[in-house]
Every structure is written in structure tokens, then in C-alpha cells.
Amino acid sequence: MPTIPTSGSPQPAGEVTAAQPGTPPGGAPGIVLHDATKGFPTSAGPVTALARIGLVVAAGSFVALVGPSVCGKSTLLRLLSGLEPPSRD
């Protein structure tokens with residue numbers, strides 16, 4: 001689940017944060033994803049879906065994720081929504 005930051009300290013790798021409610025558009029970041037990695041085990045061995053991804057989106061912004069099939073768009077959205085935790089190294 002996204003967390004509300006309580007200080008200006010940097011976020012640990014793979015952590016998702018949400019800005020305080022009421023942050024003006026274009027102001028402080030609304031979503032910050034720092035150095036996140038997500039992998040999945042398969043019968044053929046581990047597969048890395050996202051590797052060290054970073055993303056900063058301003059509060060109130062509109063963002064579209066565009067890319068080919070199986071490039072990690074849905075995995076990124078699942079991380080941001082808190083449905084999937086990032087992988088631990």
C-alpha cells in the first residue's frame with residue numbers, strides 16, 4: 001500500500017510514496033518510485049519484469065504508460081497500487 005511520507009528524507013529502494021492530500025498540481029511529487037525491481041519465479045528460472053525502475057509524477061498530473069506487450073506496464077501499475085510488493089534483493 002502506498003505510504004504518506006513524514007519527512008524529506010530519501011525513500012528506500014523499491015518504496016512507493018504518495019504526496020499529502022491537497023498538494024497543488026505541478027508542486028510536490030504525487031507518486032515517487034525509487035529503484036524498484038520486480039521478478040517472478042518460473043519453471044525455466046527467474047524472470048525480471050522490472051529492473052531498478054524510477055518514476056516521479058507530480059500531484060494532479062495525468063500519465064500514460066505506453067509500450068509493447070510484456071514490457072512491464074501492468075507490473076508497474078500493480079506495484080504503484082500496492083497489489084504487488086517490489087522484489088527484495
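Just so you know, residue 1 is the first one in the sequence shown, and it goes up from there.
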Asks: Who pairs with Ile53 by side chain to side chain contact (heavy atoms under 4.5 Å, CB included), at least two apart in sequence or on another chain?
Replies: Leu33, Leu50, Leu76

Asks: Under the salt bridge (Lys or Arg N to Asp or Glu O under 4.0 Å) definition, can you give me all pairs with a residue in residues 64-76, not counting sequence neighbours?
Replies: none

Asks: Considering non-hydrogen atoms only, spot the tightest contact between Ala36 and Leu79 and give its length.
Replies: CB-CD1, 4.4 Å

Asks: List the atom pairs, with distances to 0.1 Å, where a side-chain N or O of residues 63-71 and a protein N or O form a donor-acceptor pair under 3.5 Å, not counting sequence neighbours.
Replies:
none

Asks: Using the side chain to side chain contact (heavy atoms under 4.5 Å, CB included) criterion, which residues pair with Ser74? Sequence neighbours excluded.
Replies: none

Asks: Which pairs with one or both residues in residues 74-86 pass salt bridge (Lys or Arg N to Asp or Glu O under 4.0 Å), sequence neighbours excluded?
Replies: Lys38-Glu84, Arg78-Glu84

Asks: Taking all heavy atoms of Gly39 and all of Ser87, pick out the closest pair and write down the distance.
Replies: N-OG, 2.7 Å

Asks: Not counting sequence neighbours, list each pair that qualifies as a salt bridge (Lys or Arg N to Asp or Glu O under 4.0 Å) and has a residue in residues 49-69.
Replies: Asp35-Arg52

